[in-house]
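What follows is a single structure, written as structure tokens, with notes after it.
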Amino acid sequence: MSTFRVRVIDLETAGNGQSDVCEIGWQDVVFDSADGWVVSSERGSLLVNPGRPISPDTMAVHHILDREVADAPYWKEIARSILRPDGKIDALAAHRATFEQRYCTPRMTGGLPWICTWKCALRIWPELPRFSNQMLRYQRMPQGLIHELGLPAHRAMPDAYVTAHHLRDQLNATSLEQLLAWSNEPGLLPRVPTGSDRGKRWDRLSLETLAEFLHDRDVDVRFSAQTELTRRSELQPPVVSEPVQRTLL
């Protein structure tokens, strides 16, 4: 019997309202004493009635039609049964989990902690050029990922299935506790994302440029700049406030 279990969640929505979910997909990743963390056979998806028309902007992403969700249950009716299923769940996970957390409130999840596989990918695979769910899929080609089960992209179960393979590899690279800790911090970007310094590593920037980034609107940029400044301060030799040997006068 598995000791640990993390449920990967992916949502498709009709818009930006708190109850605008129109599909939820899930895929479990479990710990096996013989094989380590593995993607289990526990997966699924449900259409959800968002209680409003699906916007053309979101329909163009996932292609879910209003008539397909007209007779589906509402989000509040089914959320808890998926987010808090029978049996132990140690954490929930999603790629850029802040999106799912907008809809999966603590009341629905029972306060379960979240892993953000995007933030963890920045830490574990900083050499990669891009970190979207689908780019990680094709940059890394995770072992055991059945191509057809991960399609179509931008539908809830296939996306959760793909994310689960990233999570499995992250859990086998470091601990569950470490992933949770990274997920509670802003994203540590390996390179500057925009502007004239775009693509540069933070360790190539001057102190003045790093200080300017501390005022950026993006919390991940501010955090990444501050982390580099902190790293440099720790590398500097300690300041000696007085001579090692006093003079006799």
Side-chain angles (χ1 to χ4, degrees), residues 5-30 39-120 132-137 145-168 180 183:
R5 178 185 180 195
V6 179
R7 173 153 289 188
V8 179
I9 297 295
D10 187 85
L11 301 179
E12 305 300 334
T13 65
N16 296 319
Q18 194 170 9
S19 298
D20 282 356
V21 177
C22 62
E23 187 179 38
I24 181 170
W26 64 93
Q27 169 68 67
D28 287 358
V29 178
V30 301
V39 177
S40 80
S41 60
E42 179 58 41
R43 67 181 68 97
S45 67
L46 279 176
L47 290 171
V48 181
N49 188 332
R52 54 158 287 180
I54 300 173
S55 72
D57 285 341
T58 57
M59 200 180 299
V61 174
H62 50 59
H63 306 287
I64 298 172
L65 303 176
D66 289 326
R67 59 179 170 81
E68 295 177 305
V69 298
D71 297 323
Y74 292 105
W75 176 234
K76 292 182 178 179
E77 295 174 349
I78 55 91
R80 287 177 179 82
S81 65
I82 298 170
L83 300 173
R84 299 165 63 182
D86 294 336
K88 179 185 177 186
I89 290 282
D90 294 281
L92 296 168
H95 202 71
R96 288 191 175 270
T98 52
F99 177 80
E100 272 71 19
Q101 287 175 282
R102 288 168 51 189
Y103 306 92
C104 304
T105 63
R107 180 176 295 182
M108 294 175 174
T109 66
L112 283 170
W114 284 83
I115 296 171
C116 176
T117 53
W118 175 75
K119 289 180 180 179
C120 296
S132 72
N133 199 35
Q134 296 298 326
M135 282 301 297
L136 287 174
R137 170 186 187 168
L145 193 157
I146 300 172
H147 186 69
E148 292 74 18
L149 281 180
L151 295 173
H154 308 301
R155 289 297 299 265
M157 197 287 288
D159 280 2
Y161 174 76
V162 171
T163 301
H165 285 77
H166 305 322
L167 176 64
R168 175 205 61 192
L180 290 169
S183 299

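Below, all heavy atoms of this structure are taken into account, side chains as well, without hydrogens, waters or symmetry copies. Nothing here was measured: the structure is a model prediction, and the numbers come from that model.
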Ignoring hydrogens and angles, tell me if any N or O in the side chain of [X] forms a donor-acceptor pair with the backbone of [Y] under 3.5 Å.
X    : Y    : value
Q18  : T105 : no
T109 : L83  : no
N49  : A70  : yes
R96  : S132 : no
R80  : E77  : no
E23  : A156 : yes
W118 : N133 : no
S45  : M157 : no
Y161 : G25  : no

Once rounded to the nearest 0.5 Å, what's the spacing between atom [atom1] of [X] and atom [atom2] of [Y]?
X    : Y    : atom1 : atom2 : result
H154 : Q134 : NE2   : CD    : 6.0 Å
M108 : S81  : CE    : OG    : 11.0 Å
K88  : D90  : NZ    : CG    : 4.0 Å
I54  : D57  : CD1   : CG    : 12.5 Å

Are any of the side-chain heavy atoms of [X] and [Y] separated by less than 4.5 Å?
X    : Y    : result
I89  : R84  : no
S40  : Q27  : yes
P50  : S19  : no
V39  : H165 : yes
R155 : H63  : no
C22  : E68  : no
L92  : I115 : no

Which atoms form the tightest heavy-atom contact between [X] and [Y], and what is the distance?
X    : Y    : value
P85  : R5   : CG-NH2, 3.8 Å
A93  : V6   : CB-CG1, 3.9 Å
Y103 : F99  : CD1-O, 3.3 Å
G150 : R137 : O-NH1, 2.9 Å
W75  : C104 : CZ2-SG, 3.9 Å
S183 : C116 : OG-N, 2.8 Å

Result block: side-chain N/O donor-acceptor pairs under 3.5 angstrom for residues 8-16, not counting sequence neighbours:
residue, atom, partner, partner atom, Å
T13, OG1, G15, O, 3.1

Ion pair present between R7 and E42, side-chain N to carboxylate O less than 4.0 angstrom?
->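 Yes, R7 and E42 are salt-bridged.
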Between D28 and R43, is there a salt bridge with N-O shorter than 4.0 Å?
->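 Here R43 does not pair with D28 in a salt bridge, since their nearest N and O are not under 4.0 Å apart.
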Establish, from distance only, whether the side-chain atoms of T117 and H95 form a donor-acceptor pair under 3.5 Å.
->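 On atom types as modelled, these side chains qualify, holding a pair under 3.5 Å.
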Derivation and outcome, side chain to side chain contact (heavy atoms under 4.5 Å, CB included), residues I78 and I24 | CA-CA 10 Å; I78 55 91; I24 181 170; 4.2 Å; yes
